Amino acid sequence: VEWAMPAIVRVFEAGDRVIEFSPEGPDDEQAAEQETDAVNWVYQKDNPGFVTTHNIIKSALLMPNSYVKIYRDEKEETCTDNYQNLSMEEVAMLIEEKAGETIEIIGQEQTETGWNIEIKRTYKRGKTRVICIPEEEIIIDSNHSELSLDDCEFVCHEVEKTRSDLIALGYDSVKLDNVGNNSEYSTEERNRKTYSDEQEYDDDTHKALKKYLVQECYLLVDFDDDGIAERRRVVKIGGEIFENEAEDYMPIASACSILMPHKHTGY
């Protein structure tokens, strides 16, 4: 595998264009160029493109399959700033909220030379991410017989995340406190994977690092009882459903070095 890696990676990483869009007609040439530049920038510059390509290929050579996830990461971030000797006009400009941003004054003091204030900014920052997922985090319908997951009846990405990460993603902190209380999920194994020992997280500082088992599932189900199965995205944390929404996009793709006919899993 190590001997083969340089030659294989070189095919994908030669030049600046890992991905290229082909125009279908003369009127599409400019749009195809723009799409090619934009997607390559996201993959190569805004994400660690070389490392991602390397990991996808090496996983496909070492394991039957490798998996990559392409998704929009929307996280809530907070920063604290201190300002000194400001006029009232400067304070007004500073605390003027922009779209998607919340500002809170957490400290203020008036002096002879102006205002000293401390503010906390809370805002959402979005980024398109492309990541190679460890094979053990992916659960696939055992009857699925194709490499592509677009038509798979059930795909699940199972991963542990901290309480801090989940709150940054917008999940309700009170609901997270109640995760794991359902007796249906009270076996020793499930509890061990669902949340960590409470004695280790007895204050707010360590509580933020408490880990939860998160299962992000993409499944075909007749949710509206019209006789036709639709794809839905369901997020389960511990024993509780936190999200259940319609989804028309499968963000997880699969790669394989040696295909097996009529099987999802390669050789």
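None of these values were measured; they are calculated from a predicted model.
Proximity of Gln34 to Thr36: side-chain heavy atoms (C-beta onward) are nowhere separated by under 4.5 Å. Side-chain contact between Arg163 and Ser173 is present, with at least one heavy-atom pair separated by less than 4.5 Å. Side chains of Arg121 and Thr78 form no contact here, defined as non-hydrogen atoms less than 4.5 Å apart.
The environment of OH in Tyr249 is crowded: more than 12 heavy-atom neighbours from other residues, nucleotides or ligands sit within 6.0 Å. Around the CD atom of Glu230, the shell of radius 6.0 Å holds more than 12 heavy atoms that belong to other residues, nucleotides or ligands. Annotation: Glu24, atom CD; neighbour count of heavy atoms from other residues, nucleotides and ligands within 6.0 Å does not exceed 12.
Using a 4.0 Å cut-off between a side-chain N of Lys or Arg and a carboxylate O of Asp or Glu, Asp248 and Arg231 do not qualify as a salt bridge. By the 4.0 Å N-to-carboxylate-O rule, Lys236 lies too far from Glu216 to be salt-bridged with it. At a threshold of 4.0 Å, the pair Arg232-Glu247 does not count as salt-bridged, since none of the basic side-chain nitrogens sits closer than that to a carboxylate oxygen.
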Exercise. Show your reasoning for whether side chain to side chain contact (heavy atoms under 4.5 Å, CB included) applies to Glu153 and Leu219.
Key: CA-CA 5 Å; Glu153 292 186 13; Leu219 64 158; over 6 Å; no
Exercise. Let me see the working for Asn40 and Val18 under side chain to side chain contact (heavy atoms under 4.5 Å, CB included), right down to the final yes or no.
Key: CA-CA 6 Å; Asn40 276 285; Val18 179; 3.8 Å; yes
Practice problem: Evaluate the salt bridge (Lys or Arg N to Asp or Glu O under 4.0 Å) criterion for residues Asp73 and Lys127: first the C-alpha distance (whole Å), next the side-chain angles of each, then the deciding distance (0.1 Å), finally the verdict. | Solution: CA-CA 5 Å; Asp73 188 11; Lys127 179 178 180 179; over 6 Å; no
Quiz item: Going through the distances and angles, do Phe154 and Leu220 end up as a side chain to side chain contact (heavy atoms under 4.5 Å, CB included)?
Solution: CA-CA 7 Å; Phe154 182 87; Leu220 291 174; over 6 Å; no
Quiz prompt | Pair Leu176-Phe242, side chain to side chain contact (heavy atoms under 4.5 Å, CB included): steps then yes or no | solution = CA-CA 9 Å; Leu176 286 173; Phe242 278 70; 3.8 Å; yes
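If you chain together hydrophobic residues whose side chains sit under 4.5 Å apart, Ile138 and Val68 never meet in one group. By the criterion of side-chain heavy atoms lying less than 4.5 angstrom apart, applied directly or through intervening Ile, Leu, Val, Met, Phe, Trp or Tyr residues, Ile56 is grouped together with Ile19 in one hydrophobic cluster. Both Leu62 and Ile57 sit in one connected hydrophobic cluster of ILVMFWY residues. Membership requires side-chain heavy atoms under 4.5 Å apart, directly or through other members. Transitive grouping of hydrophobic side chains (ILVMFWY, heavy atoms separated by less than 4.5 Å) brings Ile252 and Ile140 into a common cluster. In this structure, Leu147 is not a member of the same hydrophobic cluster as Leu149, with clusters built from ILVMFWY side-chain heavy atoms closer than 4.5 Å.
To the nearest 0.5 Å, atom CG of residue Asp28 and atom CD of residue Glu35 are 8.5 Å apart. Between the OG1 atom of Thr80 and the NZ atom of Lys120 there is a distance of 7.0 Å, given to the nearest 0.5 Å. Atoms CD1 and OG1, from Ile119 and Thr102 in turn, are 12.0 Å apart once rounded to the nearest 0.5 Å. Going from atom CG of Leu86 over to atom CH2 of Trp115 covers 10.5 Å, rounded to the nearest 0.5 Å. Atom OH of Tyr218 and atom SG of Cys152 lie 13.0 Å apart (nearest 0.5 Å). With rounding to the nearest 0.5 angstrom, the CZ atom of Arg10 is 11.0 Å from the CE atom of Met5.
Pairing each heavy atom of Lys175 with each of Ile241, the nearest pair is NZ-O, 2.8 Å. Among all heavy-atom pairs drawn from Glu135 and Ser59, the shortest one is OE2-CB, 3.1 Å. Residue Asp81 comes nearest to Cys79 through the heavy atom pair OD2-SG, 4.1 Å, listed as atom of the first residue, atom of the second, then distance. Considering every non-hydrogen atom in both Phe12 and Ile8, the closest pair reads CD1-O, 3.3 Å. The shortest heavy-atom contact between Gly126 and Glu74 is CA-OE1, 3.4 Å. Heavy-atom minimum distance, Gly266 versus Met260: C-CG, 3.7 Å.
For the residue pair Tyr67/Glu137, the side-chain donor-acceptor check at 3.5 Å is not satisfied.
A donor-acceptor contact shorter than 3.5 Å is absent between the side chain of Thr162 and the backbone of Lys211. Between the side chain of Asn65 and the main chain of Ala60, no donor-acceptor pair closer than 3.5 Å is present. Within the 3.5 Å criterion, the main-chain N or O of Ser164 finds no donor-acceptor partner in the side chain of Lys210. Not one N or O on the side chain of Asn244 forms a donor-acceptor pair closer than 3.5 Å with the backbone of Val234. In this structure a side-chain-to-backbone donor-acceptor pair under 3.5 Å is missing from Asn55 to Cys132. A donor-acceptor pair under 3.5 Å links the side-chain atoms of Asp222 to the main chain of Asp226, judged by distance alone. The backbone N or O of Ser87 sits less than 3.5 Å from a side-chain atom of Glu90, completing a donor-acceptor pair. Checking side-chain atoms of Asn47 against main-chain N and O of Val42 turns up a donor-acceptor pair under 3.5 Å. With hydrogens and angles disregarded, no donor-acceptor distance shorter than 3.5 Å links the side chain of Asp165 to the backbone of Lys161. Side-chain atoms of Asn116 never come within 3.5 Å of backbone atoms of Thr111 as a donor-acceptor pair (strictly under, hydrogens ignored).
With sequence neighbours excluded, the residues that form a salt bridge (Lys or Arg N to Asp or Glu O under 4.0 Å) with Glu245 are Arg233.
When each of Thr128, Thr52, Thr53 is paired with Tyr43, the side chain to side chain donor-acceptor pair (under 3.5 Å) condition holds for Thr53 and for no other.
Taking the six-membered ring for Trp and thresholds of 30 and 60 degrees, His144 and His264 have ring planes inclined between 30 and 60 degrees apart.
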